[in-house]
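Step one of this worksheet: look at the structure below.
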Amino acid sequence: MPATVVLGTQWGDEGKGKFTDLLASEVDYVVRYQGGHNAGHTIVIGEDRFALQLVPTGILNAHVTPVIGNGVVIDPKVLLEEVDVLGRRGIDTSRLMISGAAHLIMPYHQELDRLTERYLGKNKLGTTKRGIGPSYADKASRIGIRVQDLLDEKIFSQKLEVVLKEKNQILAKVYNRLPLDEKKILSDYLEVYAPKMAPMISDTVGVLHRAYKNGQQILLEGAQATFLDLDHGTYPFVTSSNPTAGGACTGSGLGPRQIDRVVGVAKAYLTRVGAGPFPTELEGETADLLVERGFEFGTNTGRKRRTGWFDLVLLRHAVALNSVSEIALTKLDILDVFPKVLVANEYEIEGERTSDLPYHQSDFHKAVPIYKEFEGWMTDLTEVTKVEDLPYNARSYLSYIEEQLQVPITLVGTGPERDQYVSFP
């Protein structure tokens, strides 16, 4: 069976977890293919709320094998704490598999991440300071330490000795900080983390290819989103990996022809965390109301999100970049109280109108959105589970988005709960 990719089409925080969890009920494997614990998915099941960071959403479905792919960077302490919390809440985590080729986040990554952001001052990128970027940088520099190195004390020790010489020099001579204790790191990683992680470490690429050949269904789960992609996002205000559909292949080991469905998740309005351009950004009462109603605070960081109206210019580009085959729209209910709902369909840049995303970052910073206005539905959607029960104005809003994208909307979220959604035929 061909694989399915679920990814964000905006700046993240689209509520991907809800629909990833829904689609996971139909598959055998759920694979997290990039990112680290700088992103999270929140799943609401009845009165239970699960905030997942590294563990794939499929963990909440008993028949699913959750896989952390080679494209992920892992903080062992965070992962093991998350596994422990899930275990205490009655979730079976024995099925979790981790790629031996995934890279480890080390203490020096976190320390350098914090220091770099501090020294950048007003030019800081708004990272989560969790060592994600420095870990990916070491991976690209070929001095990274991988998960499989935990299984060989000699290799791990040799790699750590080499890289720590450089990192401690930087900490001491550039940032005037004390060097990190090599013995302490060795003790934590080899004596505490390695024994607990060893049973989970596997050749996940081989596992997934065997599953594919056996006709089992695979769901590839992205973190962050399209416009935080290292190559295609609003650089430099991006993440350190590739959340786009191409990243699903490199981060899991599956090939492009093994994927035939790409579900692009979009929020019914727009948010972003941290710095960077945001043409439809709102301020004042409307922005505050979106934050309040949508509870727009980071799952892991608690940071307040910037809010704005829906942006079709961005989404058209995301559809093209990812070969999106269908849209899952989340949080439509958050717009229930707005008498007018706006959608940006074009930008004006220095007097010129365009429906295409500007290639040059300077133009994007100057982009002024041109809106189409819709009458609000002023109706509580949280009880709506059928298409025919959606108010006319809400359906008009959805139909316009679908028409502009030329891609069907197949799922619409009408509340935070697992079963609060509308499925379109």
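Below, each value reflects all heavy atoms present in this structure, side chains not excepted, and no hydrogens, waters or symmetry copies. All values reported here derive from a predicted model rather than from experimental measurement.
- Side-chain atoms of Gln224 do not come within 3.5 Å of backbone N or O of Gly35 as any donor-acceptor pair.
- At distances below 3.5 Å, at least one donor-acceptor pair connects side-chain atoms of Arg95 with backbone N or O atoms of Val64.
- Note that CG of Leu190 and CG of Leu151 are 10.0 Å apart. Values are rounded to the nearest 0.5 Å.
- Remark: Asp21 CG to Lys18 NZ distance equals 9.0 Å, nearest 0.5 Å.
- Residues Gln404 and Asn345 come closest through the heavy atom pair OE1-OD1, 3.1 Å.
- Using a 4.0 Å cut-off between charged nitrogen and carboxylate oxygen, Lys159 and Asp149 count as a salt-bridge pair.
- Gly308 and Phe278 get closest at one heavy-atom pair: N-CZ, 3.5 Å.
- A donor-acceptor pair shorter than 3.5 Å can be found between the side chains of Gln110 and Asp75.
- Within the structure, the ring-ring contact (aromatic ring centres under 6.0 Å, His included) test picks out the following pairs touching residues 189-223 (sequence neighbours left out): Phe156-Tyr189, Tyr189-Tyr193.
- Using a 30° and 60° split on the angle between ring planes, Phe364 and Tyr347 fall in the tilted class, from 30° to 60°.
- Formation of a donor-acceptor pair under 3.5 Å by the Ser325 side chain with backbone atoms of Val262 is found in this model.
- Remark: side-chain polar atoms of Thr250 are paired, donor with acceptor, to backbone N or O of Gly247 under 3.5 angstrom.
- There is a side-chain donor-acceptor pair under 3.5 Å between Thr57 and Glu221.
- Of all non-hydrogen atoms in Thr9 and Ala318, the two that sit nearest each other are O-CB, 3.5 Å.
- Checked against ring-ring contact (aromatic ring centres under 6.0 Å, His included), Tyr397 has the following partners two or more places apart in sequence or in another chain: Phe374, Trp377.
- A donor-acceptor pair under 3.5 Å is formed between the side chain of Arg272 and the backbone N or O of Pro277.
- The residues Asp13 and Lys267 are annotated as not salt-bridged, no charged nitrogen and carboxylate oxygen being separated by less than 4.0 angstrom.
- Using a 4.0 Å cut-off between a side-chain N of Lys or Arg and a carboxylate O of Asp or Glu, Asp188 and Lys184 qualify as a salt bridge.
- Between the side chain of Arg418 and the backbone N or O of Leu22 there is no donor-acceptor pair closer than 3.5 Å.
- Looking at Asn322 and Thr226, their side chains do bring a donor and an acceptor atom within 3.5 Å of each other.
- Formation of a donor-acceptor pair under 3.5 Å by the Ser99 side chain with backbone atoms of Ala101 is found in this model.
- Atom CG in Leu115 sits 4.5 Å away from atom CD in Glu111 (nearest 0.5 Å).
- The shortest non-hydrogen separation linking Val324 to Val407 is O-CG2, 3.9 Å.
- Between the side chain of Arg130 and the backbone N or O of His37 there is at least one donor-acceptor pair closer than 3.5 Å.
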Decide yes or no on side-chain hydrogen bond (donor to acceptor under 3.5 Å, both in side chains) for Asp138 and His109, but give the supporting numbers first.
-> CA-CA 9 Å; Asp138 278 2; His109 292 140; 2.8 Å; yes

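- In summary, of the residues considered (Leu329, Val341, Leu270, Leu342), a side-chain contact (heavy atoms from CB on, under 4.5 Å) with Phe310 occurs for Leu329 alone.
- No side-chain donor-acceptor contact under 3.5 Å links Thr280 and Asp311.
- Taking the ring centre of Tyr400 as origin, the terminal cationic atom of Lys372 falls inside the region bounded by 6.0 Å and 45° from the ring axis.
- Contact detail for Asp229 and Val238: the closest heavy-atom pair is O-CG1, 3.5 Å.
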